[in-house]
Number of protein chains: 4
Amino acid sequence: MNQTQAGHGTDEAKSKRQQILKAAYDVFSRKGYYRATVDEIIALADTGKGTVYNYFTNKEQLFCTLVQERGEPFAIALADTISSELLPMEKFKKIIKLILVLYIEDADLWRVLIHEVRGLGEDNHSNLSQETVMKYQDGFQHIIDNVEAVLKEGVDKAVFRPMNTTHVAYCLFSIILTMVYQKFIEDDIEITVHNIAEFVLRGITT
Amino acid sequence: MNQTQAGHGTDEAKSKRQQILKAAYDVFSRKGYYRATVDEIIALADTGKGTVYNYFTNKEQLFCTLVQERGEPFAIALADTISSELLPMEKFKKIIKLILVLYIEDADLWRVLIHEVRGLGEDNHSNLSQETVMKYQDGFQHIIDNVEAVLKEGVDKAVFRPMNTTHVAYCLFSIILTMVYQKFIEDDIEITVHNIAEFVLRGITT
Amino acid sequence: MNQTQAGHGTDEAKSKRQQILKAAYDVFSRKGYYRATVDEIIALADTGKGTVYNYFTNKEQLFCTLVQERGEPFAIALADTISSELLPMEKFKKIIKLILVLYIEDADLWRVLIHEVRGLGEDNHSNLSQETVMKYQDGFQHIIDNVEAVLKEGVDKAVFRPMNTTHVAYCLFSIILTMVYQKFIEDDIEITVHNIAEFVLRGITT
Amino acid sequence: MNQTQAGHGTDEAKSKRQQILKAAYDVFSRKGYYRATVDEIIALADTGKGTVYNYFTNKEQLFCTLVQERGEPFAIALADTISSELLPMEKFKKIIKLILVLYIEDADLWRVLIHEVRGLGEDNHSNLSQETVMKYQDGFQHIIDNVEAVLKEGVDKAVFRPMNTTHVAYCLFSIILTMVYQKFIEDDIEITVHNIAEFVLRGITT
DNA sequence: CATGAATGAGTATTCATTCAT
DNA sequence: GATGAATGAATACTCATTCAT
């Protein structure tokens with residue numbers, strides 16, 4: 001609200017939406033979805049309450065926009081990898097790396113998303129609408145399905161031994177998340193990728 | 001509410017507290033911590049709102065009491081196992097089983113607890129107080145520390161190959177949780193225990 | 001909040017709800033439904049915001065309770081009159097009087113209700129829910145239907161000349177409302193009843 | 001928005017204002033004053049929000065302009081009729097017809113206007129400013145005054161029997177509105193005019 | 001003149017907690 | 001000890017209006 005007096009400059013014009021998204025990212029990441037208040041977001045974005053509702057229909061849609069924006073590149077990269085002609089083992093490692101990279105960037109946002117989307121009982125624990133929750137659950141499911149597809153391919157080609165691919169896919173996914181959330185990532189990501197792959201491939205036995 | 005007129009009997013007095021805990025278990029499990037309301041709990045417990053606050057200082061402490069009560073037996077069993085003279089491999093499998101059994105019983109309650117305690121950013125995502133969150137994180141940490149101890153013992157005795165025991169302990173824990181939350185548990189738990197152990201020990205390579 | 005320090009006396013206990021209803025009557029009558037704010041109601045009722053929501057599920061239901069309470073006696077009296085064995089002309093006058101009396105008491109409340117329920121275009125102009133609007137429209141319809149029934153009876157018995165009873169019933173109703181809203185009511189209601197009846201029965205021609 | 005680039009041509013300039021008025025008519029009629037939003041009006045008018053405020057000082061004045069525009073012809077016709085040399089009975093019927101025609105055209109707009117202007121308590125129920133409300137109440141008053149004048153003339157000439165002309169004028173007006181709002185109008189308006197006149201003149205007695 | 005991004009005052013509703021009886 | 005009426009802080013969202021371009 002300082003520079004161009006009322007922020008109508010073309011720079012700022014585009015920036016308002018960005019300011020809000022940036023502030024929202026910040027607040028959602030720190031506070032989680034429910035405890036993030038629109039008031040705090042606008043304070044940080046240095047904007048009026050109405051402005052938020054000009055760009056986003058409601059708090060939920062603001063959050064979803066954030067998720068969409070940050071998740072898009074990953075979705076594309078994953079699709080590319082899946083459809084590539086790599087060998088199972090190579091694909092396997094590449095997917096691990098992709099997921100790792102995705103979750104390392106914007107770690108806090110994904111943490112919050114997963115927090116909201118995770119483990120539902122009969123009712124909806126989440127503060128997000130049932131609809132939204134299901135949408136993102138499907139998103140995660142899709143990733144896991146792809147992991148499973150790679151595992152199956154490996155089993156078919158006898159690179160991996162027979163297993164319950166569904167179980168292993170979920171476990172692999174949870175292992176990756178654990179590594180990220182516990183901040184077990186090495187500076188050189190390749191090392192972490194290697195460690196995870198090694199663990200999953202060979203286990204811990206001598 | 002008839003016999004002893006206002007619940008002055010020791011039976012009823014104790015039972016009031018139990019009724020509340022039972023109802024709280026039910027509601028927390030179904031709704032999660034945040035969406036569980038004291039109103040719903042007292043409706044189910046068939047008691048007055050004030051009564052809850054006679055036995056428990058607040059909603060959070062009610063939840064914590066529940067967690068304490070249901071977690072106690074496990075903590076004891078775990079300690080016993082750790083200090084037992086079993087061989088590393090046996091200990092390893094027994095711990096997997098212990099954790100599995102714990103989380104299968106009261107699955108929803110643990111789901112909720114983990115939901116609240118999981119991966120915090122700088123601020124506290126949770127609806128629980130920072131203090132409480134840390135307490136339960138320590139609780140989980142303690143379990144994981146014990147798992148790690150077993151792993152170390154195995155490495156020392158060359159039953160397991162050298163590894164980052166911390167990482168593996170966390171991963172093992174997350175794998176177990178995943179199996180439970182995804183309801184991948186076989187009717188015969190031993191099978192699941194075997195599968196997890198096999199996966200962690202030998203990986204997926206042929 | 002003065003007398004018994006915190007208003008928990010049995011007198012006051014019952015009175016809280018009444019205080020709120022009284023205040024709501026006041027504010028709704030003066031401001032209309034939309035412009036009446038819960039804040040103003042609680043200020044007048046000298047109560048907390050939560051208290052209102054203990055007794056009434058929302059602003060609309062508070063308003064409806066008011067309408068119900070004040071309208072009940074009339075509905076009963078009307079039903080009695082309709083089913084009575086009076087001659088058409090007597091019934092006719094008695095109904096006029098009943099409606100007049102109803103609308104004179106609580107004139108402002110009915111004014112507001114009619115304001116909300118009146119003349120809808122395609123959409124719902126009202127601030128009340130569609131459901132509620134229809135409920136009260138039905139209520140008014142019911143009154144008019146009864147008026148019409150009396151007219152029909154009169155026509156059958158050749159006391160009244162043939163007419164479109166529906167049109168006349170509506171017109172009679174609107175005439176009564178007009179008299180009330182314009183405060184054309186004489187101190188002795190009988191005079192007003194007589195005037196209306198005379199006008200409707202004989203018209204204005206010499 | 002193409003030809004004269006920014007609407008500088010007198011054609012377009014005038015048309016912008018007309019577009020807005022047309023759209024406003026539409027939205028006000030469908031939604032009522034309160035629920036009509038400027039946003040919806042500009043969407044329909046295919047214009048910018050600022051433009052509305054170039055031509056009209058605010059939402060209220062936009063509404064008033066609309067009312068003015070549509071009411072003008074009627075006011076003139078009414079004045080003509082009043083000052084004409086017709087016999088009381090003819091004048092009486094002509095006025096009924098005039099009012100009927102006025103309210104049939106733009107029925108929804110008048111419905112909305114009356115909705116806002118009707119029966120005020122101590123405070124202003126309306127969403128319009130007290131000032132505006134009074135202005136239009138005066139407008140209606142003026143019509144009624146004219147009706148009353150005709151009635152008085154009839155009484156003086158002994159065509160009508162003695163009566164409270166004020167009361168009857170109001171009642172006649174409310175009867176006409178009722179016929180319009182209940183859509184009791186026959187295809188041939190003359191029939192409705194005749195019915196109303198007959199009812200008011202002769203009443204319903206045999 | 002036309003535009004539309006920015007604004008913020010105004011409001012209904014929820015729910016944990018208290019405390020007099 | 002048991003009760004439940006009373007409470008109010010906290011929060012998302014709407015929409016008329018302004019003003020720099």
Side-chain angles (χ1 to χ4, degrees), chain A residues 1 4-10 12-14 16-17 34-40 42 47-60 62, chain B residues 1 4-10 12-13 16-17 34-42 47-55 57-60 62, chain C residues 1 4-10 12-14 16-17 34-40 42 47-55 57-60 62, chain D residues 1 4-9 12-13 16-17 34-42 47-55 57-60 62:
Chain A
M1 206 64 65
T4 59
Q5 219 180 4
H8 288 297
T10 39
E12 284 236 305
K14 212 157 209 167
K16 267 296 168 193
R17 188 173 182 278
Y34 169 63
R35 293 169 72 99
T37 68
V38 176
D39 278 324
E40 193 174 353
I42 63 170
T47 190
K49 199 169 267 193
T51 310
V52 171
Y53 289 89
N54 281 341
Y55 289 109
F56 309 96
T57 53
N58 53 31
K59 185 181 163 183
E60 180 163 328
L62 169 56
Chain B
M1 205 67 65
T4 57
Q5 220 179 3
H8 292 297
T10 39
E12 271 238 293
K16 270 293 169 197
R17 189 173 180 279
Y34 168 62
R35 294 170 78 101
T37 67
V38 176
D39 276 321
E40 194 173 354
I41 292 172
I42 62 167
T47 188
K49 207 173 251 191
T51 312
V52 171
Y53 289 87
N54 282 338
Y55 289 110
T57 56
N58 54 30
K59 184 181 165 184
E60 180 163 327
L62 168 58
Chain C
M1 208 63 65
T4 59
Q5 218 182 5
H8 288 298
T10 40
E12 283 236 303
K14 212 159 209 165
K16 267 297 168 192
R17 188 173 183 277
Y34 170 64
R35 293 168 71 99
T37 67
V38 176
D39 277 324
E40 192 174 353
I42 62 168
T47 189
K49 202 169 264 195
T51 310
V52 172
Y53 289 89
N54 280 341
Y55 289 109
T57 54
N58 54 31
K59 184 181 163 184
E60 179 162 330
L62 170 56
Chain D
M1 206 65 67
T4 57
Q5 221 182 0
H8 291 296
E12 270 239 295
K16 270 293 170 197
R17 189 173 181 279
Y34 168 62
R35 294 170 79 100
T37 67
V38 177
D39 276 320
E40 194 173 354
I41 293 172
I42 62 168
T47 188
K49 207 172 251 189
T51 311
V52 171
Y53 288 87
N54 283 338
Y55 289 109
T57 56
N58 54 31
K59 184 181 166 184
E60 179 163 328
L62 168 58

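In what follows, chains are A, B, ... by sequence order, proteins preceding strands, each numbered from 1. All values reported here derive from a predicted model rather than from experimental measurement.
- Spacing between atom CZ of D/R35 and atom P of F/dC15 amounts to 9 Å, rounded to whole angstrom units.
- Out of E/dA12, E/dA16, E/dA6, the shortest distance to the side chain of A/Y55 is found at E/dA6.
- Nucleotides of DNA chain F nearest to D/E60 and A/E60 differ in position, and the one nearer the 5' end is that of A/E60.
- Put simply, B/T47 has a side-chain N or O that comes within less than 4.0 Å of OP1 or OP2 on F/dT3.
- Mapping C/N54 and A/Y34 onto DNA chain F via the closest heavy atom, the residue that lands nearer the 5' end is C/N54.
- With distances taken from any side-chain atom of A/K16 to the nucleotides E/dT17, E/dT3, E/dA6, the minimum falls on E/dA6.
- Between the NZ atom of D/K49 and the P atom of E/dT7 there is a distance of 14 Å, given to the nearest Å.
- A distance of 3.5 Å separates OG1 in D/T47 from NZ in D/K16, rounded to the nearest 0.5 Å.
- Of the possible polar contacts, one joining the D/K59 side chain to the D/A36 backbone as a donor-acceptor pair under 3.5 Å is found.
- For D/Y53, the listed nucleotide lying nearest its side chain is F/dT17; candidates were F/dT7, F/dA12, F/dT17.
- The two residues D/Y53 and D/V38 make their nearest non-hydrogen contact at OH-CG2, 3.8 Å.
- Listed candidates were E/dA16, E/dA2, E/dT13. Nearest to the side chain of C/N58 is E/dT13.
- Following rounding to the nearest Å, B/I42 (CD1) and E/dT17 (P) show an atom-to-atom distance of 13 Å.
- For C/Y34, the OH atom counts as loosely surrounded, since its 6.0 Å shell holds 12 or fewer non-hydrogen atoms of other residues, nucleotides or ligands.
- Put simply, CG on D/L62 and CD1 on D/I41 are 5.5 Å apart, with the number rounded to the nearest 0.5 Å.
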Next item on the list: Could you go through the side-chain contact (heavy atoms from CB on, under 4.5 Å) check for B/V52 and B/I42 one step at a time?
Entry: CA-CA 8 Å; B/V52 171; B/I42 62 167; 3.4 Å; yes
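- Here C/K59 lies in heavy-atom contact (under 4.0 Å) with sugar-phosphate atoms only.
- Between E/dT13, F/dA2, E/dT3, one nucleotide has an atom nearer to the side chain of B/T51 than all others, and that is F/dA2.
- Considering only the side chain of A/V38, F/dA12 comes nearest among E/dA16, F/dA12, F/dA5.
- In this view, B/K49 and B/D39 satisfy the salt bridge (charged side-chain N to carboxylate O under 4.0 Å, His left out) rule, not counting sequence neighbours.
- The strand DNA chain F forms stems, runs of 3 or more Watson-Crick or G-U wobble pairs with distances below 3.5 Å, at E:2-21 with F:2-21.
- Looking at the side chain of A/T37, the nearest of the listed nucleotides F/dT17, F/dT11, E/dT18 is F/dT11.
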